[in-house]
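Report on the following structure.
Hydrogens, waters and symmetry mates are skipped; everything else that's a heavy atom, side chains included, is used.
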Amino acid sequence: MKKASIITFAFLTGMISILYLNELFKVLVAFIFGQETSAELGGILLNVHFIINSSTSFFAAILILASPYIASIILLEISIFILSRAKSYQQKSFLITYQLINIAYLLINTVALILSVLLKGSSESDWKILIVKENIPFNEQMIFLLIILIFLGSYLNMFTKRMGKNIPAIK
């Protein structure tokens, strides 16, 4: 298989996991906690909205809303495990591209989360709805965002070091 087709296939696989698998994982976690979700297909994007009501516990809501991030991290860990055992250049190229797509998803979604909390705009994300429902003060929101940034930064730093060990040109 040519290099361009491997990269294209990895990109498509990464996009499928971002657009569909992460959202389906969110539905599964919501189902485990007995919460309702509504799904809509907007173009190629599957968008699952978690319905936050008065019976929803704060812990369950956080886990459900964080489940796409958790799913992406699980997929990254599986791919790094497979990458460490990959023998061919094609397999390694596919997995590295797939990992980069998932890392970009984590970064972009985290920036979007931070901006949706910081900017008091009209867009209503599930995170903003949870913050309003729980009546979380602004200082605690900032601490929450800082914890997310520290966790994600630490994880991505660790992950890229492990990923670098499996790239032949970096060894």
Practice prompt. Evaluate the side-chain proximity of Leu21 to Phe25: yes if any heavy-atom separation is below 4.5 Å, no if none is.
Written response: no

Worksheet item: For the hydrophobic clusters of this structure (ILVMFWY residues joined by side-chain heavy atoms under 4.5 Å, transitively), does one cluster hold both Ile62 and Leu146?
Response: no

Practice prompt. Report the distance from atom CD1 of Ile78 to atom CD1 of Ile74, rounding to the nearest 0.5 Å.
Written response: 7.0 Å

Worksheet entry | Validation row: Ile80, Leu95 side chains within 4.5 angstrom (heavy atoms) | no

Response to the item:
Leu63 and Phe33 have their tightest heavy-atom pair at CD1-CZ, 3.6 Å

Discussion item. What I'd like to find out is whether the side chain of Leu152 reaches to under 4.5 Å of the side chain of Leu107, using heavy atoms alone.
Written reply: yes

Practice prompt. Would you indicate whether the side-chain heavy atoms of Gln91 and Arg85 approach each other to under 4.5 Å?
Written response: no

Worksheet item: Do you reckon Ile114 sits in the same ILVMFWY cluster as Ile108, going by side-chain contacts under 4.5 Å, direct or chained?
Response: no

Worksheet item: Distance from Phe144 atom CZ to Phe138 atom CZ, nearest 0.5 Å?
Response: 13.5 Å

Fill in: Beyond-backbone contact of Tyr69 with Ile148, side-chain heavy atoms, under 4.5 angstrom
no

Fill in: Validation row: Leu76, Tyr155 side chains within 4.5 angstrom (heavy atoms)
yes

Worksheet item: Taking the side chain from Glu23 and the backbone from Leu19, do they hold a donor-acceptor pair closer than 3.5 Å?
Response: no

Worksheet entry | Test item: Ser72 side-chain N/O and Pro68 main-chain N/O as donor-acceptor pair under 3.5 Å | no

Worksheet item: Just how far is it from atom CZ of Phe94 to atom CD1 of Ile6, taken to the nearest 0.5 Å?
Response: 9.5 Å

Worksheet entry | Side-chain (Tyr105) to main-chain (Ser17) donor-acceptor, under 3.5 angstrom | no

Practice prompt. For Ser79, enumerate each residue passing the side chain to side chain donor-acceptor pair (under 3.5 Å) test, keeping only those at least two apart in sequence or located in another chain.
Written response: Gln99

Worksheet entry | Short side-chain to backbone donor-acceptor contact, Ser67 and Ile64, under 3.5 Å | yes

Practice prompt. Under the side chain to side chain contact (heavy atoms under 4.5 Å, CB included) rule, what do Met158 and Met163 come out as? Steps first, then yes or no, please.
Written response: CA-CA 9 Å; Met158 258 182 1; Met163 191 171 124; over 6 Å; no

Response to the item:
Taken to the nearest 0.5 Å, the spacing of Thr160 OG1 from Leu100 CG works out to 10.0 Å

Item to complete: Can you measure from CG (Leu106) to CG (Leu113) and round to the nearest 0.5 angstrom?
Response: 12.0 Å

Practice prompt. Nearest 0.5 Å please: distance from the CD atom of Gln90 over to the CD1 atom of Ile7.
Written response: 10.5 Å

Worksheet item: Any side-chain heavy atom of Phe58 within less than 4.5 Å of one from Ile136?
Response: yes

Fill in: Phe159 reachable from Phe151 in the ILVMFWY side-chain graph, under 4.5 Å edges
yes

Worksheet item: Would you call Leu118 and Gln141 a side-chain contact if the rule is heavy atoms closer than 4.5 Å?
Response: no

Fill in: Any residue meeting side chain to side chain donor-acceptor pair (under 3.5 Å) with Tyr20, in chain and number order, not counting sequence neighbours
none

Discussion item. In this structure, would Val29 and Phe59 fall into the same cluster of hydrophobic residues linked by side-chain contacts under 4.5 Å?
Written reply: yes

Discussion item. Let me check something: do Met142 and Leu149 share a hydrophobic cluster, defined by ILVMFWY side-chain heavy atoms less than 4.5 Å apart, either directly or through other members?
Written reply: yes

